[in-house]
2 protein chains.
Amino acid sequence: MRRDSRLSRMLHVLIHMDRIEGAATSDQIAQMLGTNPVVVRRTMAGLRDDGYVHSEKGHGGGWVLTRPLSEITMLDIHRALGNPGFFAVGVAIDHPECLVEQAVNSALGSAFEAAENLLIGKFAAVTLADLADDFDQRMAQITAEPNCELT
Amino acid sequence: MRRDSRLSRMLHVLIHMDRIEGAATSDQIAQMLGTNPVVVRRTMAGLRDDGYVHSEKGHGGGWVLTRPLSEITMLDIHRALGNPGFFAVGVAIDHPECLVEQAVNSALGSAFEAAENLLIGKFAAVTLADLADDFDQRMAQITAEPNCELT
DNA sequence: ACATCTCGCAACAACAAAAGTTTCGAAATC
DNA sequence: GATTTCGAAACTTTTGTTGTTGCGAGATGT
């Protein structure tokens with residue numbers, strides 16, 4: 001089952017957007033992601049509707065963040081992408097009246113519910129600013145290395 | 001994203017198999033699941049390879065459990081189905097050298113890892129006998145109701 | 001022996017969901 | 001008014017899953 005990597009990609013893009021001047025066009029973002037601008041617009045539409053980014057037409061237009069990274073959590077972006085289900089595995093409801101199925105689905109369902117709550121909690125606890133800080137630390141780590149090419 | 005319901009269905013089938021006499025043919029199971037016998041064989045092949053069921057050819061043949069339900073956990077069946085990933089959402093690895101991507105994927109990855117460990121723990125803690133017990137309780141509950149059609 | 005039932009396997013077809021593409025229009029800037 | 005850029009709809013391509021067909025092998029019953 002193929003995995004939905006839109007969340008990962010959008011987080012990546014948003015942090016980069018925070019570090020560049022001016023707007024990023026759909027074309028530029030598409031090249032970053034190895035995809036095409038229409039897909040970018042489709043994906044970012046949710047973020048725009050939820051107020052995390054703004055899009056501007058015409059020369060010099062493109063996408064800009066509308067709030068600081070510290071005010072956006074990973075969960076926010078997940079929800080803005082349409083709150084897709086986290087799980088690739090789920091319960092079957094072939095015979096809702098079958099008590100065996102009910103017992104099975106109750107056990108599976110409560111496990112998935114607990115896992116989902118854990119994920120939601122963790123996603124809500126991490127802001128994009130936290131991720132940017134982590135990036136800074138990784139950068140510092142590398143430039144501090146004696147045999148680093150960048151020094 | 002469509003969900004993989006094989007685990008749910010196989011658990012359902014195995015508990016029913018424990019409650020019937022003799023072998024269940026792929027055809028019978030397929031009818032239970034509203035699918036066809038080849039798909040059943042394909043799915044059950046993993047359970048056979050891992051030793052939870054045995055298949056017999058010819059007249060009176062079919063599928064039988066090879067051990068008590070108390071010795072099979074939900075996790076066992078999940079693994080027997082090829083240990084498919086639990087998650088529909090995952091990380092993108094477009095630019096492994098990009099430190100932003102690393103920071104993003106580290107945060108996402110650790111959240112998914114924690115959720116996966118939680119699921120594995122819960123799945124390992126439930127045997128099919130537990131599910132069958134739950135079924136029995138649901139049955140007792142219903143037959144005890146004063147206005148139950150079955151009384 | 002022979003017919004019948006059943007699984008095993010491989011190849012092929014059908015289907016669904018996601019991603020990619022094309023095309024047009026609208027708004028903003030140069 | 002020419003160009004840039006997003007917005008949206010329609011269409012095509014791709015990919016993974018599921019369903020189907022066909023043949024062979026083994027087991028049972030007559």
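Computed over heavy atoms, backbone and side chain alike; hydrogens, waters and symmetry mates excluded. Everything quoted here is computed from the prediction, not taken from an experiment.
Summary of the strand contacts: A:Pro37 and B:Gly34 both lie near DNA chain D, and taking for each the nucleotide with the nearest heavy atom, the more 5' one is attributed to A:Pro37. Between B:Asp27 and A:Arg6, the residue anchored nearer the 5' end of DNA chain C, judged by the nucleotide with its closest heavy atom, is B:Asp27. Closest-nucleotide positions on DNA chain D for A:Glu56 and B:Val38 were compared, and the one nearer the 5' end corresponds to A:Glu56.
Atom CE of B:Met44 and atom P of C:dC9 are 14 Å apart (whole Å). When the C1' atom of D:dT15 is taken as reference, atom CZ of A:Arg2 falls 6 Å away, rounded to whole Å. Atom CH2 in A:Trp63 sits roughly 15 Å away from atom C1' in D:dT4 (whole-Å rounding). What separates CG of A:Asn36 from C1' of D:dT5 is a distance of 15 Å, to the nearest Å. Per the geometry, NE2 belonging to B:His54 stands 12 Å off C1' belonging to D:dG26, to the nearest Å. Rounded to whole Å, the distance from CG on A:Leu33 to P on C:dA18 is 18 Å. A:Asp4 places its CG atom 15 Å from the C1' atom of D:dG16, with the value rounded to the nearest Å.
No more than 12 heavy atoms of other residues, nucleotides or ligands sit less than 6.0 Å from atom CD of A:Glu21. Annotation for B:Gln141: atom CD does not count as buried by contact number, only 12 or fewer foreign heavy atoms lying within 6.0 Å.
Ranking C:dA27, C:dC9, D:dG19 by closeness to the A:Lys57 side chain, first place goes to C:dA27. In this structure, of D:dT3, C:dA19, C:dG8, it is D:dT3 that holds the atom nearest to the side chain of A:His59. For B:Val39, counting side-chain heavy atoms from C-beta on, the closest listed nucleotide (D:dT5, D:dA27, D:dT18) is D:dT18.
Contacts of B:Arg3 with the nucleic acid, taken as non-hydrogen atoms under 4.0 Å apart, are absent. Residue contacts shown for A:Arg41 include a base, since a base heavy atom lies under 4.0 Å away.
For the pair A:Trp63/A:Met44, a side-chain contact is recorded, criterion being any heavy-atom separation below 4.5 Å from C-beta on.
For the OP1/OP2 pair of D:dG7 and a distance below 4.0 Å, the side-chain nitrogens and oxygens of A:Arg42 include no atom meeting the criterion. Listed pair B:Ser26 / C:dC7 meets the phosphate criterion, a side-chain N or O lying under 4.0 Å from OP1 or OP2. Residue B:Thr35 has a polar side-chain atom (N or O) positioned under 4.0 Å from OP1 or OP2 of D:dG19. Within the 4.0 Å cut-off from OP1 or OP2 of D:dT4, not a single side-chain nitrogen or oxygen of A:Thr25 is found. In this model, the phosphate group of D:dG7 is approached by a side-chain N or O of A:Ser55 to a distance below 4.0 Å at OP1 or OP2.
Checked against the 6.0 Å centroid criterion, the rings of B:Phe86 and A:Phe87 do not qualify as a close aromatic pair.
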Practice problem: Go through the steps to decide whether B:Leu99 and B:Gln102 satisfy the test side-chain contact (heavy atoms from CB on, under 4.5 Å), and finish with yes or no. | Solution: CA-CA 5 Å; B:Leu99 297 180; B:Gln102 287 177 23; 3.5 Å; yes
